[in-house]
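On a predicted model such as this, the values are computed, not experimentally measured, just so you know.
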Amino acid sequence: MNQEALKIIDNEFLRQFETTIKGQKAHIEYSLQERKIFLTKLIMSEDLLEQGYSEQFIVDVFKIIEDRNIRLVPTSPIIAKFMRKNRRKYKSLLPVGITI
């Protein structure tokens with residue numbers, strides 16, 4: 001797996017972060033409410049998921065969210081699982097009172 005940052009586009013019209021990995025499209029759908037972003041769905045081919053690209057994509061999206069200084073609510077099961085696994089590193093992105 002390639003560790004350099006992915007080129008991610010925030011498609012505000014479709015409310016999703018988009019990238020292309022090995023010629024395949026992947027995206028994370030979101031809903032923005034007040035100063036919170038709800039990551040609702042990760043869509044990526046099984047092939048890319050099995051190669052571990054979902055984690056790289058999630059990390060890069062978390063970085064974008066952190067840079068925008070907004071809070072993150074992972075409602076997608078895959079993203080919530082990643083958040084639980086990396087709780088210490090990303091706890092500061094969660095809104096006050098929200099635990100994963």
J.: For I28 versus I79, what's the shortest heavy-atom pair and its separation?
T.: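 For I28 versus I79, the nearest heavy atoms are CG2-CD1, 3.8 Å.
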
J.: State whether the side chain of N11 and the backbone N or O of L14 hold a donor-acceptor pair below 3.5 Å, judged by distance alone.
T.: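 At least one qualifying donor-acceptor pair exists.
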
J.: Which atoms form the tightest heavy-atom contact between I100 and A80, and what is the distance?
T.: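 Result for this residue pair: CG2-O, 3.7 Å.
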
J.: Given the side-chain rings of F57 and F17, with only the six-membered ring counted for Trp, is the space between their centroids under 6.0 Å?
T.: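 Not under 6.0 Å, so no.
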
J.: What's the spacing between S45 OG and Q24 CD if we round to 0.5 Å?
T.: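 S45 atom OG to Q24 atom CD measures 3.5 Å (nearest 0.5 Å).
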
J.: Using 0.5 Å steps for rounding, measure from the CG atom of L48 to the OG1 atom of T19.
T.: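 Spacing of CG (L48) from OG1 (T19) equals 10.0 Å.
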
J.: Go through L39 and I65 one step at a time and tell me if the side chain to side chain contact (heavy atoms under 4.5 Å, CB included) criterion holds.
T.: CA-CA 11 Å; L39 300 182; I65 292 167; 4.0 Å; yes

J.: Does the side chain of R71 come within less than 4.5 Å of I98's, by heavy atoms?
T.: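 Not touching, per the 4.5 Å side-chain cut-off.
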
J.: Can you give me the closest heavy-atom contact between K36 and V73, atom names plus distance?
T.: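 Residues K36 and V73, closest heavy atoms: CD-CG2, 4.2 Å.
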
J.: Could you check whether any side-chain N or O of R15 sits under 3.5 Å from a backbone N or O of L32, counting only pairs where one atom can act as donor and the other as acceptor?
T.: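 Between the backbone of L32 and the side chain of R15 there is no qualifying donor-acceptor contact (under 3.5 Å).
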
J.: Please verify the inter-ring angle class for F82 with Y90; under 30° counts as parallel, over 60° as perpendicular, anything in between as tilted.
T.: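 The rings of F82 and Y90 sit tilted, inter-plane angle from 30° to 60°.
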
J.: Considering non-hydrogen atoms only, spot the tightest contact between D60 and I8 and give its length.
T.: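 In terms of heavy atoms, the two residues are closest at CB-CD1, 3.3 Å.
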
J.: From N69 CG over to R35 CZ, what is the distance, rounded to the nearest 0.5 angstrom?
T.: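 Between atom CG of N69 and atom CZ of R35 there are 6.0 Å.
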
J.: Considering all heavy atoms of both residues, which atom of Q16 and which atom of Y30 are nearest to each other, and what is their separation?
T.: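 Closest heavy-atom pair between Q16 and Y30: N-CE2, 3.3 Å.
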
J.: Looking at CE of M83 and CD1 of I78, how far apart are the two atoms once the value is rounded to the nearest 0.5 Å?
T.: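 Here the rounded value is 15.0 Å.
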
